[in-house]
Every structure is written in structure tokens, then in C-alpha cells.
Amino acid sequence: MTDSSNQEDFRKISEIQQRLDILIEHVESRKEGLEEEIQEHLHESLANARDSMERIQENIAPKVEKAIHTKMEEIDRKMRRLNEDSLEAVREELEKATPGISEKILADLDKLVAENTRFIKIEILNEIKEELKKTVQSSLTPLEEKLERELSSAKTLSMISMGLAALGLLGVAWLLIS
């Protein structure tokens with residue numbers, strides 16, 4: 001009985017092995033089928049999601065653009081109002097401060113004009129002095145040369161005159177003595 005029992009066991013194991021192989025094939029086949037089905041559903045879902053996103057974008061984009069445009073117009077209005085208010089406030093402050101600022105500016109301007117006038121007068125006087133020195137020097141040079149020439153002849157004449165006067169004095173003194 002052992003032999004037959006072994007054969008019986010072997011046959012059962014073979015049958016189980018065949019069923020197991022069939023089951024493995026079936027599971028593999030089913031697995032591949034499910035994977036393909038999942039891939040198809042996944043692609044279909046992605047395509048649907050893209051379509052939905054495009055529709056949402058098509059529907060939302062004009063609304064968002066309109067909202068942005070409205071907000072920008074509102075900001076522009078607020079900025080214009082702010083600028084106008086700021087300009088008005090600056091005008092009012094300037095009107096209040098104008099007399100004081102004008103007085104200060106005029107006082108500073110008077111000081112500046114006085115300083116500049118004094119500075120310009122000094123510069124003009126210095127320039128005039130230089131010009132006068134040059135003019136006097138250029139005028140004196142020919143006179144000095146002429147005076148030197150005439151002085152030497154005047155010296156000679158005065159020496160001659162003194163000599164003649166001394167001779168005349170000697171002549172008078174001789175006449176008086178004799």
C-alpha cells in the first residue's frame with residue numbers, strides 16, 4: 001500500500017501542481033488585464049482632468065481678468081485721489097509757510113548779494129590796481145629814459161652854470177678887491 005499510496009499522493013501533488021500552474025497563469029493573465037484596465041482608466045482620468053482644467057481655466061480666466069481690471073481701476077482712482085489730496089496739502093502748507101520762507105530767502109539773498117558784491121568790488125579794485133600799475137609803469141618807462149637823458153645834460157649845464165657863476169663871483173670879487 002505504500003506504493004499505491006505514494007502513487008496516489010504523487011498524482012494528487014501532480015494535480016495540485018497543474019491546478020497551481022493554471023491558477024498562476026490565470027492570476028498572471030488577470031494581473032495583466034487589470035494593469036491594462038488601470039492604465040486605461042488612468043489615461044482616461046488624466047484626459048478628463050485636463051479637459052476639466054481647460055474648461056475651468058476658460059471659465060475662470062475672464063472672471064479673474066475682470067476682477068484684476070476692476071481692482072486696478074479702483075487702485076488708480078485711489079492713487080489719483082491720494083495725489084490730489086497730497087498736492088492740496090502741499091499747496092496749503094506752502095501758502096502757510098510762504099511768508100516765512102520768503103523772508104528767510106530774501107534775508108539770505110541779501111547777505112549773499114552783499115558778500116558777492118564785496119567780493120566783486122575787491123576783485124575789481126585789485127584788477128584796477130594791477131592795470132594802473134601796468135599803465136603807470138608803461139608810461140613812466142619812456143619818461144624815466146627821457147629824464148635820464150635830459151638829467152645828464154641838465155647836470156652838465158648846471159655844472160657849467162655853477163662854474164660860470166663861480167667865475168663871475170670870482171670876477172666880481174676881484175673887481176671889488178682891486
Side-chain angles (χ1 to χ4, degrees), residues 38-39 41-178:
I38 289 171
Q39 283 284 353
H41 284 295
L42 186 61
H43 287 298
E44 188 178 317
S45 295
L46 285 173
N48 288 339
R50 279 191 207 107
D51 290 344
S52 296
M53 286 298 290
E54 286 175 5
R55 275 188 250 123
I56 290 170
Q57 192 174 13
E58 288 172 359
N59 288 333
I60 290 178
K63 292 175 184 174
V64 169
E65 190 175 318
K66 184 178 178 184
I68 290 172
H69 186 68
T70 304
K71 272 297 186 192
M72 289 301 289
E73 286 177 350
E74 185 179 327
I75 289 170
D76 284 345
R77 281 193 303 276
K78 286 181 181 179
M79 287 301 291
R80 278 194 296 274
R81 246 184 278 125
L82 241 170
N83 284 340
E84 289 170 2
D85 292 346
S86 297
L87 283 173
E88 187 59 34
V90 167
R91 280 190 199 111
E92 289 173 5
E93 287 299 317
L94 279 174
E95 286 175 5
K96 289 178 189 174
T98 297
I101 291 172
S102 295
E103 288 175 19
K104 185 176 183 209
I105 289 173
L106 286 174
D108 291 344
L109 188 61
D110 286 344
K111 289 178 187 174
L112 185 64
V113 167
E115 287 176 24
N116 285 343
T117 303
R118 188 175 56 91
F119 179 72
I120 289 172
K121 281 181 182 177
I122 291 171
E123 279 188 15
I124 290 173
L125 283 173
N126 288 336
E127 286 179 16
I128 289 174
K129 284 180 183 177
E130 286 297 317
E131 285 297 316
L132 278 174
K133 280 182 185 177
K134 289 177 184 175
T135 305
V136 167
Q137 190 65 30
S138 65
S139 297
L140 284 179
T141 302
L143 283 176
E144 285 176 350
E145 291 172 358
K146 184 178 177 184
L147 278 176
E148 279 189 35
R149 282 187 307 235
E150 289 179 5
L151 185 62
S152 66
S153 27
K155 280 182 187 175
T156 308
L157 282 176
S158 53
M159 290 298 255
I160 292 173
S161 299
M162 283 182 12
L164 286 176
L167 272 176
L169 188 59
L170 278 174
V172 169
W174 187 70
L175 281 178
L176 284 176
I177 300 186
S178 39

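A salt bridge (Lys or Arg N to Asp or Glu O under 4.0 Å) check over residues 79-89, counting only residues at least two apart or in different chains, returns the pairs Glu88-Arg91.
Under the side-chain contact (heavy atoms from CB on, under 4.5 Å) criterion, Leu82 pairs with Ser86, sequence neighbours left out. Residues satisfying the side-chain contact (heavy atoms from CB on, under 4.5 Å) criterion with Ile38, sequence neighbours excluded, are absent altogether. Not counting sequence neighbours, Glu127 has no partner by the salt bridge (Lys or Arg N to Asp or Glu O under 4.0 Å) test. Listed by chain and residue number, nothing satisfies the side-chain contact (heavy atoms from CB on, under 4.5 Å) test with Leu170 (two or more places apart in sequence, or in another chain). With sequence neighbours left out, the side chain to side chain donor-acceptor pair (under 3.5 Å) criterion links Glu73 to His69. Not counting sequence neighbours, the partners of Lys78 by the salt bridge (Lys or Arg N to Asp or Glu O under 4.0 Å) test are Glu74. Annotation: side-chain contact (heavy atoms from CB on, under 4.5 Å) contacts of Thr117 (sequence neighbours excluded): Val113, Lys121.
Interatomic distance, CD of Glu123 versus CG of Asn116, reported as 10.0 Å (0.5 Å rounding). Of the inter-residue distances, the one linking Asp51 atom CG with Leu46 atom CG reads 11.0 Å to the nearest 0.5 angstrom. To the nearest 0.5 Å, the span separating CD1 on Ile177 from CH2 on Trp174 amounts to 10.0 Å.
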Item to check | Chi angles and distances behind the side-chain contact (heavy atoms from CB on, under 4.5 Å) call for Asn126, Glu130 | outcome: CA-CA 6 Å; Asn126 288 336; Glu130 286 297 317; 5.7 Å; no
